[in-house]
Student: 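Structure provided below as structure tokens; questions to follow.
Each ligand, and each atom within it, is numbered from 1 in the order the structure gives. Position 1 is the first residue of the sequence, and the numbers go up from there.
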Amino acid sequence: MSNIHILGFPRVGAQRELKWALESYWAGQSSLSDLQRTGQQLRLGQWQRQLDAGLDLLTVGDFAYYDHLLNASYLFGHLPARARSAGEPLEQIFAAARGRSASACCGHAAEMTKWFDTNYHYLVPECAAADEFTLQPDLLLDEVRAARSLGKPLKVVVPGPLTYLWLGRSVDGANRLNLLSRLLPVYSELFALLKCEGVDWVQLDEPVLGLDLPADWRQAFEPAYHSLRKNGVQLLLTTYFSPLADNLTLAFSLPVDGVHLDLVSAPEELAPALDRLGPYKVLSLGVIDGRNIWRADLNALRERLVPVAERLGSRLWLGSSCSLLHVPYDVAAETQLPHDLQHWLAYAWQKVDELVLLGASLADAGVTSSPRWIAQAQALVSRRTSSAVHKSAVKQRAAAAASAQWQRKQSYAGRLALQQAALRLPQLPTTTIGSFPQTPEIRQLRRRFKQGELSLPAYEAGLEKEITHCIRVQEQIGLDVLVHGEAERNDMVEYFGEQLDGIASTANGWVQSYGSRCVKPPVIFGDIERPSAMTVRWAAFAQSQSERWVKGMLTGPVTILKWSFVRDDQPWSATAYQIAAVLRDEVQDLEAAGIRIIQVDEPALREALPLRRVEHARYLDWAVNSFRYAVTGVADETQIHTHMCYADFDDILPAIQAMDADVITLETARSAARLLHTLRNETYRNGIGPGVYDIHSPNVPSVEAMETLLTESLQVVPLANLWVNPDCGLKTRRWQEVIPALENMVTAAQRLRETLKTPA
Ligand code: GLN
Ligand code: ZN
């Protein structure tokens, strides 16, 4: 009998119970023990249901009140020093994550960044040369003991030592790898302790084995893992998210008791893995996709697994490809999905069921004639043949788009001259990134309309009032290129998803983003069509309210893909060109409606970069060309902008140049030096607006600070190309902060224009 297991489960709760409990505790409305009770109940309920569903091995240690990597920092006695005085263990964890504890401010919050190429954010471990580690097992042991009471074999999840250090950041420039020899004894101590607690397996997550690791990091694995063996407890080395490639041999040579492979990311690695497995190790195959929501093709999987099961017997384990953290809880909670979508989807609970069913079918072929097996197979056929999914005209248009290289008619220099003549903007034109504060009134307006309390005319009148207000404020501030403010958008991806055929919104598809924050990604299930224009009404209305130019605002193909659940029955590039096609139509409609400046945001372009370098060029090729397909259907007089939310784009600057937007606005306020350094080494030839106002902070930046940033930018950007703008959209800020900040920004631009007029 093989083990059926998962690498981890969501923790926020099917009704987001943990979110509400956390936020209530942080707001001082409930006690720490109330919060802990919620956590305990969630865990216990989930374990029980996993056992009821038929999992053989209980996975423990995947729970976190805030973040699993932060839990590991606590476990290793490695929280930032500023958080350690916050009292109770959970208080220390919150202090590190949020920069404040229940009673006091604890310096700044730890840095947060994306967990590999997912949309989950972890808290970055802070590493310094003098760091020491001490085992603090209390929180983990509480979980282990609670799980043990259920009387089943236990597997405890811990990030592997190399992954833990790799994901950290050195605060003093010291090499993080030098900390390994001090960290390993803590692991040994932990394993010995877990053995005494009756734990059978430890799942050591080493997803960094799927990255292009520097040689010294690769070489560190062997000695590290040799020092970890002989602690009694059995070790399962888990890898996920990308092919192991050149690390495959290494992974299988380590002295562990089993290796987990993500067969969803790297189906081709099964054969080489079997070659390297040896006579004793367990091979755990991640066959059910842990980060997407499509029902699995059980027949195809079974066919593939039968010979493996014959060969390995109980040494074959079946698992989710990665932790189920990245998918929502239960499709049964979705009641309003279009078409047959409900039957095509598998959330976390359905994935557990799929695993158990698949496992059962390996032991007993009779399972394949069970009603559940047959229903699953039928759902797949219905998805494969659905006319809501497959539209040949859409596929043909996207294929044609993909087979051409898209370009504006003239080069940037030629377009710039035409645009200057047509738009007549001043030097150092000022603008914003698109959204303005989303006030409670705006949210209420949208909510009431959605719930049917407000008629369409009343809703539209409400939005027009908001837009008019937003335009008036921008005129008073003296901005050159205005925006309508995005009051109609709840979210820059969801808004487009709601209007496009082939994309569905879910009612309950919540996934943790960080801490108590969850997102509800749209589901791209079919070929994409635009029943009608999506933004023209609001852009045109805004333009009718002002003599100044109003910039139209769209979200680009990569960002829509990256922040959605994407269909898995065709390559991402095919779906990207379909999105680009509807955007191209929208861009042309905006132009026809008199909008002369159009921005297509691509904040996710950098984060969608594949984990492995060999795949970068292919990705960037379709990412850039699909963007160009979206924006090249307009006259050269029409100015195309894009926006990205980061400054560390050194590695993709050539791709950004190749997008050939007339203007790009970027985040820089926190890392201006870095962007300017990049631009000094490698020129960017088109228009560029390094953000001078850090919108992530409530602070109002001074005129002088912004003028200085602009002056520095002029050393690396020609005057004719430099734009003046904030870092990002203003939707999370309040009007009281935004108005003075933008006034200062406009003053900074005006002062600099004056300075430039007077010869030095
Ligand atoms: N236009 C969007 C806004 O202003 C861009 C947001 C983003 O870059 N994430 O909100
Ligand atoms: Zn942004």
Student: If we only look closer than 2.8 Å, how many protein N, O or S atoms does the Zn ion (ligand 2) have near it?
Tutor: 3
Student: Looking at R472, I want to see if its CZ is surrounded by more than 12 non-hydrogen atoms of other residues, nucleotides or ligands under 6.0 Å.
Tutor: yes
Student: Under 4.0 Å between a side-chain nitrogen and a carboxylate oxygen: does that hold for R169 and E111?
Tutor: yes
Student: Looking at R537 and D589, is any side-chain nitrogen of the basic one under 4.0 Å from a carboxylate oxygen of the acidic one?
Tutor: no
Student: Among R612, R606, R291, K562, which residue meets the salt bridge (Lys or Arg N to Asp or Glu O under 4.0 Å) test with D117?
Tutor: R291
Student: Less than 4.0 Å between a side-chain N and a carboxylate O, is that true for R628 and D660?
Tutor: no
Student: Salt bridge check: are K731 and E486 linked by an N-O gap of less than 4.0 Å?
Tutor: no
Student: So does K520 pair up with D491, basic N to acidic O under 4.0 Å?
Tutor: no
Student: Extract all N/O-N/O pairs under 3.5 Å that connect ligand 1 to the protein, and present each with both atom names and the distance rounded to 0.1 Å.
Tutor:
from     : atom 1 : to   : atom 2 : distance (Å)
ligand 1 : 1 (N)  : I433 : O      : 3.1
ligand 1 : 1 (N)  : E486 : OE2    : 2.9
ligand 1 : 1 (N)  : D601 : OD2    : 2.7
ligand 1 : 4 (O)  : I433 : O      : 3.4
ligand 1 : 4 (O)  : S435 : N      : 2.9
ligand 1 : 4 (O)  : S435 : OG     : 3.1
ligand 1 : 8 (O)  : H643 : NE2    : 3.0
ligand 1 : 10 (O) : S435 : OG     : 2.7

Student: Please examine the side chains of F436 and V473, heavy atoms only from C-beta on, and report whether any two atoms are closer than 4.5 Å.
Tutor: no
Student: Check for me whether R489 meets the cation-pi criterion with W538, that is, NZ or CZ under 6.0 Å from the six-membered ring centre and within 45 degrees of the ring axis.
Tutor: no
